[in-house]
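Take a look at the structure set out below.
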Amino acid sequence: MSESVIAAIATPAGEGAIGIIRISGEGAIQVADRVFFPVSKKPLSTLSGYRAAFGEIRDGDKFLDNGVALVFKAPKSYTGEDTVEISVHGGALMVRQVLRAVLKNGAKPAQAGEFTKRAFLNQKLDLTEAESVMGLISAESEAGLQISRGALEGRISKKIAEIEKNLIAAAASIAAYSDYPDEDIEGLDPENFEKMLLSAQKELEKMLSTYDAGKVLREGITTAIIGKPNVGKSTLMNMLSGEERSIVTEVAGTTRDIVEETVTVGDIVLRLADTAGIRETEDVVESIGVELAHKKIESSQLVLAVFDGTKPLSCDDKKILDSVKDKNVIVIINKTDLECKISKEDFASFETVEISAKEGDGYEKLCEAVAQISGAAALDPESAVLLNERQRLCAENATTAIAEAIAALQAGETMDAVGVCVDDALARLLELTGKRVTNEVADEIFRRFCVGK
Ligand code: GDP
């Protein structure tokens, strides 16, 4: 019985066509042999990798189900270890019973993210690739998925490896120069080091500059829809939450369950908190009016300020405009299907879109405006986009260390002093990709995964 064999249900809770129980570790196939009995009578441990067998799953004498077992042999598996995936009929109780049988026969329950952690420890993935797996699972928009997919393909790792190469070359040259300062070796001069460092700095700054837009694409953007009663906020909501575009999620764990509605506008997920306020009766909206708008504005990253195009701007409209002037705001002139009394010119300094929420006109323009204002329009999701705060911090610390190295060079400090800063920058990058990361950090990262991943 091996301590290191882990098992978990790999499919979501609930009913499905199939459910999968995953077993991994040295001895995983032997554990599977005790619960899975192929009709061919050939035990799974006699199969080579990437083979499937059909058979019975049993808990001792008790028949549980018929199913398929897929065998992976180390190192050619997700975790890099021997792995068996048993597919059974996808009932919640069924998969739990099969898992229980597997646990009785020598596996221990996997911790959250333990399969991916093992893949990382067995060098099947680096840390940025492992983190991208989380992004793949949680992606809600095509662009978000593309960013995580890129990271899984190693886009971040490759970019960082290029920068590392530059820095290692600089560190080596600096060390050589410190040892033989009087030798006149071509390329070994402070001016050349500075060039190398500046180039690494530029690359990192480029990566850092796309972080916020990447975050918008991955996670969406908290958005408030504000405007006076009857300007068409609910109608706009209905237009945005056309069946395919809307998902309503209950966010539990708060004193009162908040309903967060998400709508996808082009490539971007808008998180519309407190839409209940918008959908309530006009009387209520009337009574809360501008005051409610203020509260919502504060907690949102983006404001959609809606105005009734058929009416001239009122005092309240101007108040609303004034309260959002420092925010990311898109002015929406609604009801363009009717004769309008206001136009884009009335909102000169604002990004303005004309729509008819009722007719569904102007959706494309709104998509463009959201992409533009969130910075997502300028982002190529195919580029190396940092995935989370941990990666951003490592990249930022590396950039600071490089800036210090450049400052030390320019101030004519000793090459040793410059070298220390370059080493520091390198350490930060090794931390970013996980080549040099503490167990605590790795544990913390994988804890955020779900069990079975
Ligand atoms: P809210 O109070 O801001 O949520 O406004 P509603 O969405 O309830 O709309 C108020 C009224 O304006 C309703 O009668 C809607 O049918 C109408 N309305 C909303 N959008 C449009 C539009 O684009 N064109 C026209 N003609 N009427 C609209």
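Counting convention: from 1, in listed order, for ligands and their atoms alike. Below, each value reflects all heavy atoms present in this structure, side chains not excepted, and no hydrogens, waters or symmetry copies.
- Of all the heavy atoms of E359, none lies under 4.0 Å from any atom of ligand 1, so neither backbone nor side chain is involved.
- Every atom of ligand 1 is numbered from 1 in the order shown, and the set under 4.0 Å from a heavy atom of P229 is 2 (O).
- Taking every heavy atom of K233 and a limit of under 4.0 angstrom, the matching atoms of ligand 1 come to 1 (P), 2 (O), 3 (O), 4 (O), 5 (O), 7 (O).
- Residue D337 approaches ligand 1 through these ligand atoms, each under 4.0 Å from one of its heavy atoms: 22 (C), 23 (O), 24 (N), 25 (C), 26 (N).
- For the pair K453 and Y78, the cation sits on the ring face: its NZ or CZ lies under 6.0 Å from the ring centre, inside 45° of the axis.
- Considering backbone and side-chain atoms alike, I355 places every N or O at 3.5 Å or more from each N or O of ligand 1.
- With respect to the salt-bridge test (charged N to carboxylate O, under 4.0 angstrom), the residues E153 and K158 do not qualify.
- Taking 4.0 Å as the cut-off, K228 counts as a neighbour of ligand 1 on heavy-atom distance.
- The shortest heavy-atom distance from G227 to ligand 1 is not under 4.0 Å.
- Of the candidates K358, M239, M237, the one placing a heavy atom closest to atom 21 (C) of ligand 1 is K358.
- Contact check on E354 versus K344 returns no salt bridge, with no Lys/Arg side-chain nitrogen under 4.0 Å from an Asp/Glu carboxylate oxygen.
- The shortest N or O to N or O distance between L338 and ligand 1 is not below 3.5 Å.
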(request) Assess whether side chain to side chain contact (heavy atoms under 4.5 Å, CB included) is satisfied between S300 and T223, documenting all intermediate values. (result) CA-CA 5 Å; S300 299; T223 305; 5.7 Å; no

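- Counting the atoms of ligand 1 from 1 in the order shown, those under 4.0 Å from a heavy atom of T235 are 6 (P), 7 (O), 9 (O), 15 (C), 19 (C), 20 (N).
- Where the criterion is an N or O separation shorter than 3.5 Å, residue side chain and backbone included, T336 fails it with respect to ligand 1.
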